[in-house]
Amino acid sequence: MSELKRTPLYPEYEALGAKTVDFGGWDMPVQFAGIKQEHEATRTKAGLFDVSHMGEISVKGPKAEEYLQKVTTNDVSKLTANRAHYTFSCYENGGVVDDFLIYKIADDDFLLVVNAGNTDKDYEWFVKNNDYKADEVEIKNVSAEYVQVAIQGPKAEEILQKITETDLSEIKFFRFETDVKFDSVKDGGLVSRTGYTGEDGFEIYINKDSGRDIWNKIIEVGKPEGLEPVGLGARDTLRFEAGLPLYGQELTQDITPIEAGLKFAVKVQKDSDFIGKSVIAEQVENGAPRKIVGIEMIDKGIPRTGYEVFIGDEKVGEVTSGTKSPTLDKNIGNIIIDADHAKVGTEVEIQVRKRKLKAVIAETPFYKR
């Protein structure tokens, strides 16, 4: 069995007594003080996350924008320097290679932040679909150079502002600043107002050698405000309540962005003929055959990924994600279901082992700040 990879921050959360798990080949903290406590801290104060397992892919060159227009669904031509957007790369069938952020550093310089388990696959996909010369488009997997931490929650700005002279209030949603300096930290970092929790906050990309310093500095200045380190367990319940998709569950090679309800990141009207465009455009025009919707359990039980969904004796879908919501104190889930049955208020049954449990299709997102 191959050894698990560790981020440069591993010694810090080991010292904090984190419980770690194998997450896509990475030895990552699933929890520190406990999932419920960490979830609550992020919703009401602030949480600090190590997300250094995420992948970073650099795309540079005079034809970089033109290339990205062909391999992603959103309209890269609308990005200006110091702005980011959410997008997909798709297969010919409209299914998703990955969902990720693109940061526009300069006209010929982009940083793609991709899902941890997909980094190698994505990099190979981008290289394979690059028909440009080396001096026109250069693609590099630069993941090993970065530590990425996220500070999220209503007190995130107040805490982070304590250690930088950059006015963080000037960084609006989906915008960023490069080379932001921090007290007692050697390297400057890229700071973006983005996140994966449904709360306000920032993601910081910094040289791996400064990772532990920035982590410890934020822990130190955040403690009086109630900041807590947060593991993957609460990261999942937070993103789920806020209606944010997880690759491998709400998005897969067989689920399109339209089926996932994420049409806002797909621009079929742009001139570039991106991979999968014909299938996706047809679904935009005529509706997708299936749809991801939220459910609230009526009977006791938690809907788990892969559980089958029925209306009467007819199987109409399956669960993509499910959990007990710490904020709402309810058992909730997402299901992918035939579009004909996707109306809010429709009763369905979830096959849990030998029993069928009642649920109802609910409005999403389950939580809004």
*Asks:* T197 side chain to E199 main-chain N or O, any donor-acceptor pair under 3.5 Å?
*Replies:* yes
*Asks:* With a 6.0 Å cut-off (strictly less than), is the heavy-atom count around CD of Q269, excluding the residue itself, greater than 12?
*Replies:* yes
*Asks:* Should we count NZ of K78 as having more than 12 external heavy atoms under 6.0 Å?
*Replies:* no
*Asks:* Check the surroundings of atom CD in E363: do more than 12 heavy atoms from other residues, nucleotides or ligands lie under 6.0 Å from it?
*Replies:* no
*Asks:* Does NZ belonging to K5 count more than 12 external heavy atoms closer than 6.0 Å?
*Replies:* yes
*Asks:* Under the 3.5 angstrom rule, does the side chain of S89 hit a backbone N or O of V71 as a donor-acceptor pair?
*Replies:* yes
*Asks:* Verify, without hydrogens or angle tests, whether S143 (side chain) and E56 (backbone) share a donor-acceptor contact under 3.5 angstrom.
*Replies:*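 Yes, the answer is positive, given that a donor and an acceptor are paired below the 3.5 Å cut-off.
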*Asks:* Decide if the gap between the ring center of F23 and the ring center of H53 is smaller than 6.0 angstrom.
*Replies:*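 When the ring centroids of F23 and H53 are compared, they turn out to be within the sub-6.0 Å range.
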*Asks:* Can you check whether Y367 and F240 have ring centres sitting under 6.0 Å from each other?
*Replies:* no
*Asks:* Kindly determine whether I335 and Y307 satisfy side chain to side chain contact (heavy atoms under 4.5 Å, CB included), including the steps that lead there.
*Replies:* CA-CA 9 Å; I335 60 175; Y307 286 3; over 6 Å; no
*Asks:* Scan E241, E38, R369 and name whichever one has a side-chain contact (heavy atoms from CB on, under 4.5 Å) with R43.
*Replies:*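 When E241, E38, R369 are each tested with R43, the side-chain contact (heavy atoms from CB on, under 4.5 Å) holds only for E241.
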*Asks:* Can a salt bridge be assigned to the pair D107 and K104 using a cut-off of 4.0 Å between side-chain N and carboxylate O?
*Replies:* yes
*Asks:* Hey, does the side chain of N115 reach the backbone of N118 with a donor-acceptor pair shorter than 3.5 angstrom?
*Replies:*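 Checked: no pair found.
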*Asks:* Test side chain to side chain donor-acceptor pair (under 3.5 Å) on D254 and T252 and set out the steps.
*Replies:* CA-CA 5 Å; D254 300 313; T252 70; 4.7 Å; no
*Asks:* Go through the steps for K291 and D338 under the test salt bridge (Lys or Arg N to Asp or Glu O under 4.0 Å), then give the verdict.
*Replies:* CA-CA 6 Å; K291 197 174 175 186; D338 297 343; over 6 Å; no
*Asks:* Run the salt bridge (Lys or Arg N to Asp or Glu O under 4.0 Å) check on K60 and E138 step by step: do they pass?
*Replies:* CA-CA 5 Å; K60 290 182 180 179; E138 177 192 51; 5.5 Å; no
*Asks:* Any donor-acceptor pair under 3.5 Å linking the side-chain atoms of Q283 with those of T256?
*Replies:* yes
*Asks:* Mind checking whether Y10 and W26 have ring centres under 6.0 Å apart?
*Replies:* no
*Asks:* Is it true that N286 and E282 share a donor-acceptor pair across their side chains at a distance under 3.5 Å?
*Replies:*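 A pair is found: one side chain offers a donor N or O, the other an acceptor, under 3.5 Å apart.
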*Asks:* Answer yes if Y146 and L9 sit in the same cluster of Ile, Leu, Val, Met, Phe, Trp and Tyr residues linked by side chain heavy atoms under 4.5 Å apart, and no otherwise.
*Replies:* no
*Asks:* Any chain of hydrophobic side-chain contacts (each under 4.5 Å) joining I292 to Y247?
*Replies:* no
*Asks:* Share the residues that join Y196 in a hydrophobic cluster, the rule being Ile, Leu, Val, Met, Phe, Trp or Tyr side chains under 4.5 Å apart at the heavy-atom level.
*Replies:*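 Traced through the cluster, Y196 reaches L244, L246.
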*Asks:* Heavy atoms only: give me the nearest I105-A81 pair and the separation to one decimal.
*Replies:*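 Distance-wise, the nearest heavy atoms are O-CB, 3.9 Å.
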*Asks:* Side chain to side chain contact (heavy atoms under 4.5 Å, CB included) for V316 and F310? Distances and angles first, verdict last.
*Replies:* CA-CA 5 Å; V316 291; F310 288 86; 5.8 Å; no
*Asks:* Is E220 salt-bridged to K217, cutoff N-O under 4.0 Å?
*Replies:*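 Yes, E220 and K217 are salt-bridged.
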*Asks:* What I want to find out is whether E66 reaches K63 closely enough, with some N-O distance under 4.0 Å, to be called a salt bridge.
*Replies:* yes
*Asks:* Let me check something: do I204 and I219 share a hydrophobic cluster, defined by ILVMFWY side-chain heavy atoms less than 4.5 Å apart, either directly or through other members?
*Replies:*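 The answer is yes; both residues are in one hydrophobic cluster.
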*Asks:* Could you verify whether a donor N or O on one side chain and an acceptor N or O on the other, from T72 and N74, lie under 3.5 Å apart?
*Replies:* no
*Asks:* Cut-off 3.5 Å, side chains only: do Y123 and K128 have a donor facing an acceptor?
*Replies:*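 Short answer, no.
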*Asks:* What do you reckon, are the aromatic ring centroids of F32 and F49 less than 6.0 Å apart?
*Replies:*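 Centroid separation for F32 and F49: 6.0 Å or greater.
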*Asks:* Quick one: does any side-chain atom of K121 pair with a main-chain N or O of V97 as donor and acceptor, under 3.5 Å?
*Replies:* yes
*Asks:* Can any side-chain N or O of N129 pair as donor or acceptor with the backbone N or O of W125 at less than 3.5 Å?
*Replies:* yes
*Asks:* Start with the C-alpha gap between N334 and S321, add the side-chain angles, then the distance that decides, and say whether side chain to side chain donor-acceptor pair (under 3.5 Å) holds.
*Replies:* CA-CA 5 Å; N334 282 335; S321 289; 5.0 Å; no
*Asks:* Should we count CG of D271 as having more than 12 external heavy atoms under 6.0 Å?
*Replies:*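 Incorrect, the count does not exceed 12.
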*Asks:* Looking at Q351, is its backbone amide N or carbonyl O close enough to the side chain of E349 to form a donor-acceptor pair, meaning the two atoms are under 3.5 Å apart?
*Replies:*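 No, because the side chain of E349 does not come within donor-acceptor range (under 3.5 Å) of the backbone of Q351.
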*Asks:* If you measure from the Lys or Arg side-chain nitrogens to the Asp or Glu carboxylate oxygens, is any gap between E12 and R212 under 4.0 Å?
*Replies:*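 R212 and E12: salt-bridged.
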*Asks:* Backbone N or O of K181 within a donor-acceptor pair of the T164 side chain at under 3.5 Å?
*Replies:*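 Yes: the side chain of T164 pairs with the backbone of K181.
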*Asks:* Against K155, only a single residue in E158, Q152, E157 fulfils side-chain contact (heavy atoms from CB on, under 4.5 Å); can you say which?
*Replies:*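 Result: among E158, Q152, E157, E158 is the only option passing the side-chain contact (heavy atoms from CB on, under 4.5 Å) with K155.
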*Asks:* May I ask you to check whether H341 and T346 show a side-chain donor-acceptor distance below 3.5 Å?
*Replies:*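 No, T346 and H341 have no side-chain donor paired with an acceptor closer than 3.5 Å.
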*Asks:* Backbone N or O of A234 within a donor-acceptor pair of the K36 side chain at under 3.5 Å?
*Replies:*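 Checked: no pair found.
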*Asks:* Assess whether side chain to side chain contact (heavy atoms under 4.5 Å, CB included) is satisfied between I337 and V348, documenting all intermediate values.
*Replies:* CA-CA 10 Å; I337 189 170; V348 296; 4.1 Å; yes
*Asks:* Decide if atom NZ of K45 counts as having more than 12 heavy atoms of other residues, nucleotides or ligands within a radius under 6.0 Å.
*Replies:*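 Open.
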*Asks:* Just one of V59, L101, V142, T178 clears the side-chain contact (heavy atoms from CB on, under 4.5 Å) bar with L111, so which one?
*Replies:*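 Result: among V59, L101, V142, T178, V142 is the only option passing the side-chain contact (heavy atoms from CB on, under 4.5 Å) with L111.
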*Asks:* Tell me whether L112 shares a hydrophobic cluster with I139, the cluster being built from Ile, Leu, Val, Met, Phe, Trp, Tyr side chains joined at under 4.5 Å.
*Replies:* yes
*Asks:* So, T20 and D27: side-chain donor and acceptor under 3.5 Å apart, yes or no?
*Replies:* yes
*Asks:* Run the side chain to side chain donor-acceptor pair (under 3.5 Å) check on E203 and T194 step by step: do they pass?
*Replies:* CA-CA 6 Å; E203 293 178 306; T194 48; 2.5 Å; yes
*Asks:* Is any NZ, NE, NH1 or NH2 atom of the basic residue among R193 and D200 found under 4.0 Å from an Asp or Glu carboxylate oxygen of the other?
*Replies:* yes
*Asks:* Might you work through the salt bridge (Lys or Arg N to Asp or Glu O under 4.0 Å) test for R239 and E250, ending with a clear yes or no?
*Replies:* CA-CA 12 Å; R239 73 91 197 163; E250 282 74 37; 2.9 Å; yes
*Asks:* For V185, is there any backbone N or O sitting under 3.5 Å from a side-chain donor or acceptor partner on S210?
*Replies:*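 It does not hold such a pair.
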*Asks:* Ring centres under 6.0 Å, that's the criterion: do F88 and Y86 meet it?
*Replies:*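 Ring centres of Y86 and F88 closer than 6.0 Å.
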*Asks:* Closer than 4.0 angstrom, basic N to acidic O: yes or no for K270 and D75?
*Replies:*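 No salt bridge links K270 with D75.
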*Asks:* Is it true that I298 and F366 fall in one hydrophobic cluster, defined by side-chain heavy atoms closer than 4.5 Å?
*Replies:*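 No, I298 and F366 fall in different hydrophobic clusters.
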*Asks:* What verdict does the side chain to side chain contact (heavy atoms under 4.5 Å, CB included) test give for K343 and I361, after you've listed the backbone C-alpha separation in whole Å, the side-chain angles of each residue and the deciding distance to 0.1 Å?
*Replies:* CA-CA 7 Å; K343 199 173 168 206; I361 294 177; over 6 Å; no
*Asks:* Would you please indicate if the ring centroids of F110 and Y103 are separated by under 6.0 Å?
*Replies:* no
*Asks:* Is it the case that atom NZ in K330 sees more than 12 heavy atoms from other parts of the structure closer than 6.0 Å?
*Replies:* no
*Asks:* Within a 6.0 Å radius of atom NZ on K162, are there more than 12 heavy atoms belonging to other residues, nucleotides or ligands?
*Replies:*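 Above 12, so yes.
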